[in-house]
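Only one structure is covered here, and it is reproduced in the block below.
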Amino acid sequence: THENHALFIIFGATGDLAKRKLYPSLFRLYRKKNIQSHFAVIGTARSTWTHEHFREVVTESINSLHPTKQELDEFINHFYYQALNVANTDEYVSIQELAESLDETYHLEGNRIFYLAMAPQFFGTISQHIKSEGIMSEHGFNRLIIEKPFGVDHTSATQLNEEISAVFDEKQIFRIDHYLGKEMIQNIAAVRFGNNIFESLWNHAYIDNIQITLAESLGVEERGGYYDKSGALKDMVQNHILQIVALLAMEPPTVFTDEAIRTEKINALKAVRVYNSDEVKKSFVRGQYSSSDHHLAYREEAGVDPDSNTETFVAGKFLIDNFRWTGVPFYVRTGKNMTEKGTRINIVFKSTPINIFRSIDTPICQTQKLPENVLTIYIQPTEGFSLTLNGKKIGTGFDIDPTKLVFRQSVENLENTPEAYEKLLLDCLNGDATNFTHWDEVEQSWKVVDVIRHTWDDETVDFPNYLPGSMGPKEAFDLLEKDNRSWVWEP
Ligand code: BG6
């Protein structure tokens with residue numbers, strides 16, 4: 001492994017994300033020797049912590065990875081803390097001085113990663129100070145990692161982008177969408193572009209529809225305050241789902257480089273139809289969970305307005321207006337408190353033109369079409385693929401029997417799979433932006449989502465409308481039924 005030299009400056013170092021994802025990921029990279037003796041971390045946040053206290057918190061957060069005493073001692077000594085009130089210039093000066101001295105101590109070669117793991121309203125101020133107080137290094141690289149939400153609509157996203165772009169250029173900005181770090185999301189490209197049997201059929205002539213489900217079994221947990229202002233559309237569709245749509249719909253890049261892929265993803269997203277409000281009403285439905293014996297209703301959750309009209313479920317149909325995809329619906333759905341946690345993609349191929357196995361006495365108009373071939377990509381918790389094929393039922397006669405070829409990653413492999421954040425941090429260290437979202441992608445996604453949001457905001461809605469543990473409201477099923485289709489996955 002190549003040892004990277006870098007300083008990580010984490011804004012929001014006391015927060016949930018840092019503790020749950022960033023420190024464990026850094027530790028895993030350390031264990032794999034992607035970072036070793038030439039790295040350092042400066043944690044910053046409002047609280048006045050000592051380096052020692054910070055190190056205790058980091059230790060706690062990697063506890064479940066069972067570090068040996070030696071590993072822990074070596075790793076933890078690279079962590080430093082500086083309190084920061086984001087508007088206080090003096091504290092940025094302290095960060096700058098600490099950064100310079102750590103650079104010397106650990107031979108960091110002037111490489112810096114600024115990780116904004118905190119509320120986006122401060123991104124602008126922080127970036128400005130990073131520049132004005134000279135925290136960007138003059139030798140080595142400067143890279144900015146930012147978390148979602150990237151704005152709350154197109155206007156605010158544009159403003160946010162202008163603020164960070166005044167300091168960092170697009171090549172230095174790494175916008176996280178953690179779905180892009182998932183093994184099976186990255187596998188979409190492998191399945192499509194590594195298998196001619198699929199890529200040559202990957203278009204409107206052979207595909208009937210595509211279904212993307214991101215179901216969650218949990219409710220909003222302790223994030224009611226954030227979620228009530230966001231809702232499922234902004235929380236999942238604007239980012240994760242539209243990124244998956246882009247990966248499924250894009251043209252083959254000429255080579256597998258970040259620039260070539262981004263270009264194709266942007267083209268795909270630009271072809272996603274931006275609906276008018278009549279089209280939104282026909283193509284998108286929303287839901288909010290009620291109570292059940294074991295669950296509070298969404299409106300009863302902590303931090304949620306008791307009259308809230310925020311959606312905890314969305315289902316909809318995207319259309320892509322280009323040569324490849326005209327007429328092929330991309331059905332999507334996501335929600336909280338659904339039957340089970342399950343993220344999967346179903347590619348439904350067209351059935352054969354006629355069913356030649358029909359009984360000779362039955363008029364053609366009354367015969368059933370053969371079941372469609374379905375390619376399923378299981379993203380999580382199962383990771384794998386399946387393909388349904390029609391075969392002959394064993395025995396006399398000639399009945400058709402659909403069978404399923406299934407591949408699942410073994411439990412052993414899954415345990416060794418790097419976590420999304422670990423991969424994304426390493427990509428950033430390597431300067432590889434393939435699995436991050438470019439500004440043009442973010443911008444286009446907001447344009448698509450804004451009209452849905454505005455249409456909904458102008459309408460009254462009858463919430464709650466689905467039971468915890470279900471696959472969403474009736475409307476989500478009607479949506480496909482009126483197109484003479486149904487959801488392939490019915491847990
Ligand atoms: C986050 C959303 O982006 O993704 C959460 O804010 C959601 O609401 C989460 O629970 C789902 O991620 P994962 O990796 O658990 O599927």
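Throughout, numbering of the chain's residues begins at 1 and tracks the sequence. Whatever order the structure lists ligands and atoms in, that order sets their numbers, starting from 1.
- For ligand 1 and His178, the ligand atoms under 4.0 Å from any heavy atom of the residue are 1 (C), 3 (O), 4 (O), 12 (O), 13 (P), 14 (O).
- With a heavy-atom cut-off of 4.0 Å, Tyr179 touches ligand 1 through its side chain alone.
- Per-residue contacts place Lys182 under 4.0 angstrom from the following atoms of ligand 1 (heavy atoms of the residue considered): 13 (P), 14 (O), 16 (O).
- Atoms of ligand 1 found under 4.0 Å from any heavy atom of Asp235, numbered from 1 in the order shown, are 2 (C), 5 (C), 6 (O), 8 (O).
- A salt bridge between Arg175 and Glu147 is absent, with no side-chain N of the basic residue lying under 4.0 Å from a carboxylate O of the acidic one.
- No salt bridge links Glu251 with Arg192; every basic N to acidic carboxylate O contact stays at or beyond 4.0 Å.
- The distance from ligand 1 to the heavy atoms of His240 drops below 4.0 Å at these ligand atoms: 1 (C), 3 (O), 4 (O).
- Looking at ligand 1, you'll find an N or O of Lys341 within less than 3.5 Å of one of its N or O atoms.
- Between Glu221, Glu216, Gln380, it is Glu216 that holds the heavy atom closest to atom 7 (C) of ligand 1.
- The ligand atoms of ligand 1 that sit less than 4.0 angstrom from a heavy atom of Lys336 are 5 (C), 7 (C), 8 (O), 10 (O).
- If you check the side chains of Thr310 and Asp228, you find a donor sitting under 3.5 Å from an acceptor.
- Residues Thr312 and Tyr466 have side chains that bring a donor and an acceptor to within less than 3.5 angstrom of each other.
- Looking at Glu311 and Arg453, a side-chain N of the basic residue comes within less than 4.0 Å of a carboxylate O on the acidic one, giving a salt bridge.
- Of the options Lys447, Lys265, Lys270, a salt bridge (Lys or Arg N to Asp or Glu O under 4.0 Å) to Glu441 is made by Lys265 and by none of the others.
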